[in-house]
**Q** 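After the structure tokens below, expect a handful of questions from me.
Naming convention: chains lettered A, B, ... in sequence-line order (proteins, then strands); numbering from 1 in each chain. Values below: every heavy atom of this structure, side chains too, minus hydrogens, waters and symmetry copies.
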Amino acid sequence: MTNAPAPAAASPPSDFIRDVVTADLAAGRHQTIVTRFPPEPNGYLHIGHAKSICLNFGIAREFGGRCNLRFDDTNPTKEETEYVESILTDVRWLIGGWADPHLGLKPKGQPPIAQTLNGRPDFYLGAAPLPPDSAPAEGEAPSLEPFHASDYFPQLYAYAVQLIERGLAYVCDLSADDTDRYRGAPDRPGQESPFRKRPIAENLDLFERMKRGEFPDGTRTLRAKIDMASPNVWMRDPVLYRIRHAEHHHTGNAWCIYPMYDFAHCLSDYLEGITHSICTLEFEVHRPLYDWILEHLDLPRPLPHQYEFARLNLGYTIMSKRKLMQLVREGDVAGWDDPRLPTLSGLRRRGVRPEALRHFAYNIGITKYNALTDVAVLEKAVRDDLNAIALRRLAVLRPLKVVLTNYPADQTEELDAVNNPEDSAAGTRRVPFSRELFIEREDFAEQPPPKFFRLRPGGEVRLKYAYIIRCDEVVYDDSGQILELRCTADLGSKTGGPTATRKVKGTLHWVSAAHAVPAEVRLYDRLFTVPEPDAAGDFKAHLNPHSLETLTARLEPSLKDACPKLRYQFERLGYFTRDADTNAAGAGAASPLVFNRTIGLKDTWAKEAAKPA
RNA sequence: UGUCCGAUGGUGUAAUGGUAGCACAGAGGUCUUUGGAGCCUUUAGUCUAGGUUCGAAUCCUAGUCGGACAGCCA
């Protein structure tokens, strides 16, 4: 039926929206499916948008269709080019290698095409043809660009005129306050505007003069003439156009009247030939208006239909653009790409890969139930993804010196270490070993709790890839702090040695003190201390003061050349990635070595240790 | 006291009138030169009350609880 793309690794998702798509295709209502992802460029994309992107592009991919990237930019006072650029970057990043052939873009500068269908006038702007099977070249085809609702201002204006001509819209002189008052309340009908019966010719003239800029902001609006007594407040003569003498990031000063969301969105969908317009639950109440506008205009092609699903709520974080913006502006985080934020740029900088986000989106499903998703689901998806591809390395976060008293002071060995036990093709590397080492401070306990099987006085542990050592002596400094551990190595216990197979309970990571490379490591924790920070009251009161911990770690030497594009697992510690932005800002050889911890390893010991004795 | 939408283990999600399944989380075990990963086992669910039906998570009615909606935001 469709020229199906490569099948998904797992079975394709099933949900009520995909059911509708399947049924529409089976019934022959559409030849191909066209969805759209319509962000307003007034902020950065977050993981909630990722859910929507994966849904819309996923459907395009599964059904051999297309998903248009469209900026819903009808409010010049809130939108900026910075956001347009970040959104494009984030979308390409998320769908890259997965659905990019289904990304609907249009020829640069191409306006909607005026055509005649069965003698009826029409406007249409389809996406450029799907690219050939080969993956698109690095960077964007320069001849293509995303869609913009603001590109349709001329057509939208024409449709508004049509509504006026049909007696279905009027220019209203009520102030914003009065408009509110006349609207009534959900449980109380509104009353009609005194301007509702304005003659068509006068409406036409006034609307034209609104467009020409003859009236100041807020003095007049264009309203649909529907039903002020409707139980649905959105049908009580909703505003279609408002006056805003403001420069628009995309259309400059060409317009001083701007269409409202409800008027622009359904018609933008129609113009682009969208078949399924998928949005979040809060627009459910708007659907009658979406349909009303389309049904009362002369539109010869099949009409798009709106479907709503529940937005993503994730535990211990916030998704509101307004609140994210507040954190950025008030300096609670370092920027939109702060790795603690659920923004796509933040997650990317933290080291999360798009593959993980796509699996996450697949796992949480699509419903109309307003759910709170456990962060553990995200964390699981991130770990699974990283576990498969991360290069294993040895690094010590909080160093404790160990001296091997029976190991020659002038000797250095290069030991073989496995890069990824999950992937033999990742090969091995050499790690230097010598008399003086660092181990993790918390891997030694003078008074070990029950079931602690790391190093203790007189105890033995395996040093990964190296020897079994025994702790002979604890050396203290003047203040009574542990200065170093003096240990003896079982020199026959190295891989291949006579005592190599001796069983010791614990295996520790380590680095050679003389060879270790210092680096800044940033450990991130959840941004908030409660599952629903914005449930009530001031969400900032729940900010986690320990969401970022910065320390200087000691790394095995190979990490000196770590690539920001790769992912690493510091053994027994977690997944880390070199901070790309810091790296980019650094000057050549002086470029600082900074690592972000994407996420820790699952820690069953922490759970065990937390159990009441 | 308005309209619309929703409700399945702790969490999230399947089952489209025919054996309530999966994932996450939890518990136990196994393996382990990562207390990671893997493998095995396991706890736990259809909001309530009626009705239709041979048979209801599913259809109907009423109720309960939850959410969205009163921007010249999207």
Side-chain angles (χ1 to χ4, degrees), chain A residues 13-16 19 38-40 42 72-75 77-79 172 174-176 179-180 183-190 217-223 230-236 238-244 258 260-262 264-265 279-288 308 310 315 321-322 362-381 383-384 387-388 392 394 418 421-422 451-454 461-466 468 493 495 500-501 503-509 569-575 600-609:
Chain A
S14 163
D15 53 65
F16 73 98
D19 289 347
E40 183 189 15
N42 67 345
D72 211 351
D73 53 354
T74 57
N75 185 355
T77 60
K78 289 193 175 172
E79 297 151 8
C172 180
L174 245 30
S175 69
T179 306
D180 267 359
R183 184 162 30 234
D187 56 351
R188 178 165 38 85
D217 289 5
T219 52
R220 287 180 223 267
T221 57
L222 181 74
R223 294 229 255 161
S230 170
N232 182 338
V233 294
W234 289 103
M235 298 298 271
R236 320 241 263 228
V239 172
L240 265 23
Y241 267 89
R242 77 285 218 188
I243 301 171
R244 277 241 211 301
Y258 291 92
M260 297 287 292
Y261 165 84
D262 289 293
H265 204 91
C279 59
T280 44
L281 250 29
E282 66 268 30
F283 293 102
E284 214 159 15
V285 204
H286 294 239
R287 182 157 22 103
E308 310 86 14
K321 268 198 212 177
R322 202 201 93 235
Y362 171 85
N363 288 337
I364 57 178
I366 301 291
T367 64
K368 302 189 75 153
Y369 176 73
N370 209 305
L372 176 64
T373 297
D374 193 335
V375 261
V377 180
L378 205 216
E379 294 175 344
K380 167 74 173 170
R383 285 195 184 103
D384 281 354
N387 178 51
R392 271 56 174 182
L394 297 178
V418 174
E422 309 288 324
K451 296 187 187 171
F452 181 89
F453 30 87
R454 286 120 97 153
V461 290
R462 156 80 63 183
L463 294 181
K464 180 95 177 178
Y465 303 125
I468 293 169
S493 62
T495 305
T501 54
K503 294 295 172 201
V504 285
K505 194 68 175 156
T507 301
L508 307 186
H509 59 278
Q569 182 197 105
F570 293 177
E571 296 220 29
R572 304 211 305 134
L573 295 173
Y575 298 98
L601 255 26
K602 194 167 88 177
D603 190 350
T604 29
W605 164 244
K607 208 183 312 180
E608 179 66 37

**Q** Expressed in whole Å, how much space separates the C1' atoms belonging to B/C40 and B/U61?
**A** 48 Å
**Q** Base, sugar-phosphate or nothing for A/T280? Non-hydrogen atoms, less than 4.0 Å.
**A** nothing
**Q** Restricting to salt bridge (Lys or Arg N to Asp or Glu O under 4.0 Å), what partner residues turn up for A/R223, sequence neighbours left out?
**A** none
**Q** A/R392 near the nucleic acid: base, sugar-phosphate alone, or nothing, with a heavy-atom cut-off under 4.0 Å?
**A** base
**Q** Could you state the interatomic distance from NZ (A/K380) to CG (A/D374), rounded to the nearest 0.5 Å?
**A** 13.0 Å
**Q** Write down the distance separating the P atoms in B/C69 and B/A57, rounded off to the nearest Å.
**A** 34 Å
**Q** If I take atom CH2 from residue A/W605 and atom CZ from residue A/R572, how far apart are they, to the nearest 0.5 angstrom?
**A** 11.5 Å
**Q** Less than 4.5 Å apart, any side-chain heavy atom of A/F16 and any of A/K368?
**A** yes
**Q** What does A/A376 touch in the nucleic acid at a heavy-atom separation under 4.0 angstrom: a base, only the sugar-phosphate, or nothing?
**A** sugar-phosphate
**Q** Which pair of heavy atoms, one from A/R183 and one from A/V233, lies closest together, and at what distance?
**A** CD-O, 4.2 Å
**Q** Of all nucleotides in RNA chain B with an atom under 4.0 Å from a non-hydrogen atom of chain A, which is the first and which the last going 5' to 3'?
**A** B/G2 to B/A74
**Q** If you find the nucleotide of RNA chain B closest to A/D262 and the one closest to A/N232, which residue's nucleotide is nearer the 5' end?
**A** A/N232
**Q** Note every stem involving RNA chain B: at least three consecutive Watson-Crick or G-U wobble pairs, i with j then i+1 with j-1, with both distances under 3.5 Å.
**A** B:2-7 with B:64-69, B:10-13 with B:21-24, B:26-30 with B:38-42, B:47-51 with B:59-63
**Q** What distance, rounded to whole Å, do you find between the two C1' atoms, one in B/A23 and one in B/A14?
**A** 10 Å
**Q** Among residues at least two apart in sequence or on other chains, which ones pass side-chain hydrogen bond (donor to acceptor under 3.5 Å, both in side chains) with A/T495?
**A** none
**Q** Counting the atoms with a prime plus P, OP1 and OP2 as sugar-phosphate, which does A/R220 contact under 4.0 Å by heavy atoms, base, sugar-phosphate, or nothing?
**A** nothing
**Q** Using the C1' atom as the reference point in each nucleotide, state the distance between B/U16 and B/A56 in Å, no decimals.
**A** 13 Å
**Q** Considering every strand and a 4.0 Å limit on heavy-atom distances, what is the contact class for A/Y575: base, sugar-phosphate, or nothing?
**A** nothing
**Q** List the residues meeting salt bridge (Lys or Arg N to Asp or Glu O under 4.0 Å) with A/E79, not counting sequence neighbours, and say none if there are none.
**A** none
**Q** What are the two closest heavy atoms between A/H509 and A/L394, and how far apart are they?
**A** CB-CD2, 3.8 Å
**Q** Could you check A/L508 against A/L463 for side-chain contact (heavy atoms from CB on, under 4.5 Å), going step by step and ending with a plain yes or no?
**A** CA-CA 5 Å; A/L508 307 186; A/L463 294 181; 4.2 Å; yes
**Q** What is the glycosidic conformation of B/G71: syn, defined as within 90° of 0, or anti?
**A** syn
**Q** Reckon A/N387 touches a base, only the sugar-phosphate, or nothing at all at heavy-atom distances under 4.0 Å?
**A** base
**Q** Scan A/A185 against the nucleic acid and name what it touches under 4.0 Å (heavy atoms): base, sugar-phosphate only, or nothing.
**A** base
**Q** A/K451 or A/V239: which one's nearest nucleotide on RNA chain B is closer to the 5' end?
**A** A/K451
**Q** Name the nucleic acid region contacted by A/K464, choosing base, sugar-phosphate or nothing; use a 4.0 angstrom heavy-atom cut-off, strictly under.
**A** base
**Q** Between B/U19 and B/A37, how far is it from one C1' atom to the other, in whole Å?
**A** 35 Å
**Q** Tell me what A/D217 touches on the nucleic acid: a base, only sugar-phosphate, or nothing, going by heavy atoms under 4.0 Å.
**A** nothing
**Q** For B/G9 and B/A25, measure between their C1' atoms and round to the nearest Å.
**A** 11 Å
**Q** Do A/E40 and A/Y261 touch side chain to side chain, with heavy atoms closer than 4.5 Å?
**A** no
**Q** Provide the distance between the two C1' atoms, one in B/U46 and one in B/U8, to the nearest whole Å.
**A** 4 Å
**Q** Contact class for A/S175 vs. all strands (heavy atom < 4.0 Å): base, sugar-phosphate, or nothing?
**A** base
**Q** Answer with base, sugar-phosphate or nothing: what part of the nucleic acid does A/T604 contact at a heavy-atom distance below 4.0 Å?
**A** sugar-phosphate
**Q** Rounded to whole angstrom, note down the C1' distance from B/U13 over to B/C54.
**A** 31 Å
**Q** Under 4.0 angstrom, heavy atoms only, what part of the nucleic acid is A/Y465 near: base, sugar-phosphate, or nothing?
**A** base
**Q** Pick base, sugar-phosphate or nothing for A/Y258, based on heavy-atom distances below 4.0 Å to the nucleic acid.
**A** nothing
**Q** Could you check whether A/F283 gets within reach of a base, just the sugar-phosphate, or nothing at all, counting any heavy atom under 4.0 Å?
**A** base
**Q** Residues in salt bridge (Lys or Arg N to Asp or Glu O under 4.0 Å) with A/D603, at least two apart?
**A** none
